[in-house]
Amino acid sequence: MIDIDDLRRLLAERKPATAVILGSGLGAVADALEDPLVVNYADINGFPQTTVTGHAGQMIAGRLGASEVLCLKGRFHLYEGHRPQTIAEVVNALKDIGIRRLIVTNAAGSLNPDFAPGSLMLIKDHINFCGQNPLVGANDDRVGPRFPDMSNAYNADLRRRMLAVADKAGIALKEGVYLMVLGPNFETAAEIKAFRLLGADAVGMSTVPEVIAAVHAGLNVLGLSAITNFGTGMQKTPLSHEETIANAKKASDNLARLIINFIKENPDG
Ligand code: HPA
């Protein structure tokens, strides 16, 4: 067992500036890390544990080209019963160890006929529809302001660079709006209709708490969705977690390539 301070010391030696949070079935980026150092969440005293199939619960530090990178394989969902503040604590710990750039990934359902299952979406903005917020409670002014500005939450410069990387790699990538629900049930057909009217392109059960906490902490954020299915009522077949995992695997290869190329071509956090 190690504690959070040991973890900080361990990772501080490598000085990663970029962290990548890997969603359901999207762990491939971590496999590309050179000289990997693996720490199981279960071995970190006081660290929250993941309970979802497809989420390993490991932190993996390693090199990608000229960059030291920290991958979080397995994230904390509010539907698992985690407090939203726990997610902010994890993100703040990343900032503490020197992370300046956070890449968040997720598996998501499509609300837009142009985003087919197996494709990727670059998140340009989000709608927080989960009814919770990681910043509720006393504000720590050392981390960030009480009322953080969200106008550039998904950093426009990083997005422009990611679109260029995708173009060069020949991987289709379009920007869209991500809407977060609390889950764990998939949406009703009526909800999907409503979310489309609200202007969302994809729906999922994660990412927004991390991004809010990261923006509060002053990190530069890039978000990518692997589209695993159409929203309820947009196609005939019912949704299952297995379907989500299988389609995520298809998109996972492209997602990993994009992130690896992006970090190699943009090494400074
Ligand atoms: N809805 C919510 N979350 C999801 C979906 C979905 O259709 N697919 C993958 N994650």
Side-chain angles (χ1 to χ4, degrees), residues 20-29 50-57 72-82 84 87 103-132 134 154 172-212 223-256 258-259:
V20 189
I21 297 179
L22 297 163
S24 301
L26 302 173
V29 173
T50 61
T51 64
V52 191
T53 315
H55 283 264
L72 278 81
K73 206 171 177 180
R75 65 142 55 83
F76 309 106
H77 301 87
L78 299 181
Y79 67 71
E80 294 174 79
H82 293 295
I87 297 175
I103 302 176
V104 280
T105 67
N106 59 54
S110 174
L111 304 175
N112 181 334
D114 289 344
F115 292 111
S119 70
L120 301 175
M121 183 183 95
L122 181 61
I123 306 177
K124 73 171 177 213
D125 210 345
H126 75 223
I127 297 172
N128 181 6
F129 207 83
C130 75
Q132 298 192 27
Y154 298 84
L173 186 66
K174 280 175 289 186
E175 293 187 302
V177 172
Y178 178 87
L179 182 145
M180 180 189 172
V181 291
L182 181 61
N185 60 288
F186 287 114
E187 299 69 42
T188 64
E191 286 165 343
I192 292 296
K193 257 193 208 165
F195 296 159
R196 294 180 68 179
L197 284 174
L198 287 178
D201 297 290
V203 59
M205 304 173 193
S206 69
T207 301
V208 166
E210 286 104 314
V211 172
I212 292 172
L224 288 156
S225 292
I227 302 296
T228 52
N229 56 274
F230 278 117
T232 310
M234 291 177 69
Q235 62 178 16
K236 294 286 172 281
T237 47
L239 302 173
S240 69
H241 191 64
E242 288 68 31
E243 177 194 32
T244 302
I245 298 283
N247 277 327
K249 280 217 168 69
K250 264 196 254 162
S252 176
D253 284 355
N254 280 341
L255 187 78
L258 275 188
I259 293 174

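If you're wondering where the values come from, they're calculated on a predicted model, not measured in any experiment. Counting starts at 1 for both ligands and their atoms, following the listed order.
Closest heavy-atom approach to atom 4 (C) of ligand 1 among the candidates Asn185, Ile192, Asn106, Val203: Val203.
Listed by number with element, the atoms of ligand 1 under 4.0 angstrom from any heavy atom of Met205 are 2 (C), 3 (N). Of all atoms in ligand 1, numbered sequentially from 1 with element shown, those under 4.0 Å from a heavy atom of Thr228 are 8 (N), 9 (C). Heavy-atom proximity to Ala107, at under 4.0 Å, picks out these atoms of ligand 1: 9 (C), 10 (N). For ligand 1, the atoms lying closer than 4.0 Å to a non-hydrogen atom of Glu187 are 1 (N), 2 (C), 6 (C), 7 (O).
The main-chain N or O of Gly23 is found under 3.5 Å from a side-chain atom of Thr105 such that the two form a donor-acceptor pair. Looking at Thr232, its side chain does come within 3.5 Å of a backbone N or O of Glu187 through a donor-acceptor pair.
The neighbour count for Lys174 NZ, taken as heavy atoms of other residues, nucleotides or ligands under 6.0 Å away, is above 12.
In plain terms, the two heavy atoms of Tyr79 and Pro184 that are nearest each other are CB-N, 3.8 Å.
In Asn229, the part holding a heavy atom less than 4.0 Å from any atom of ligand 1 is the side chain.
With contacts defined as side-chain heavy-atom distances shorter than 4.5 Å, the pair Leu173/Met121 does not qualify.
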